[in-house]
Structures are given as C-alpha cells and as structure tokens.
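Notes follow once the structure below has been shown.
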Amino acid sequence: MASNPPGQGFQKNRVAILAELDKEKRRLIQNQTMNNPGASIPLSRPALNKDFRDHAEQQHIAAQQKAALQHAHAHSSGFFITQDSSFGNLILPVLPRLEPE
C-alpha cells in the first residue's frame with residue numbers, strides 16, 4: 001500500500017543529474033591537473049559551480065513554464081504567457097482589451 005509521493009521521481013532525477021555533474025566536474029579537474037601538473041585549481045571554481053547550478057535551474061524553470069503553458073492552452077479557452085512574477089507564477093493570463101462601445 002506504500003505509494004510514492006508525487007515529487008519523489010523529480011527528486012531522484014535531480015539527485016542523478018547532480019551526481020553526474022559532480023562526476024563530470026571531477027573528471028575535468030583531473031584532466032586539468034594532468035595537463036598542467038604545476039597548475040593549481042582556479043579561484044573562480046565556486047563561481048563556475050554556481051553558474052552551472054543557475055543554468056540548470058533556469059532550464060528546469062523554462063521546462064516547467066513550457067509544460068504549464070501547454071497545459072493551460074490545452075485545458076482553457078484563455079490566453080497565457082510566460083512571465084516572471086513577483087508571486088512565483090510560471091504563467092500569467094492575458095486578458096484582451098475590449099473597445100468601448
């Protein structure tokens with residue numbers, strides 16, 4: 001009777017992606033030290049990690065926005081756009097302006 005929580009698949013996927021990124025990072029660092037034995041690890045490494053994380057997060061948000069937009073267009077007769085929102089909304093409804101009669 002044990003059922004998986006809805007977000008568990010997402011968490012497993014996220015952990016797998018992070019593990020793969022970490023493995024790739026270690027491989028790149030190892031290649032760098034092998035090519036330049038006297039070279040040390042650059043000081044900008046944490047910023048590089050942050051850039052990878054930010055890029056992955058942006059891709060994830062873009063995928064969520066696309067999925068939300070497709071779902072809204074398929075299940076609603078309204079119009080929606082993707083837009084950054086102060087309240088964390090992925091998509092916003094667009095209301096047409098009607099000409100006054």
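Note that this is a predicted model, so its numbers are computed, not measured.
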Rounded distance (nearest 0.5 Å) linking atom [atom1] of [X] with atom [atom2] of [Y]:
X: Q58; Y: Q65; atom1: CD; atom2: CD; result: 10.5 Å
X: L18; Y: N13; atom1: CG; atom2: CG; result: 9.5 Å
X: L92; Y: L69; atom1: CG; atom2: CG; result: 10.5 Å
X: H55; Y: L21; atom1: NE2; atom2: CG; result: 10.0 Å

Closest contact, heavy atoms only, A68 versus I91
O-CD1, 3.7 Å
If I compare all heavy atoms of F80 with all of A72, which pair ends up nearest, and what's the gap?
CD1-CB, 3.6 Å
Main chain of A67, side chain of H71: is a donor-acceptor contact present, judged purely on distance under 3.5 Å?
no
N-O pairing of K23 and E20 below 4.0 Å
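No, no charged N to carboxylate O under 4.0 Å.
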Run the side-chain contact (heavy atoms from CB on, under 4.5 Å) check on Q30 and R26 step by step: do they pass?
CA-CA 6 Å; Q30 183 180 14; R26 289 174 193 257; over 6 Å; no
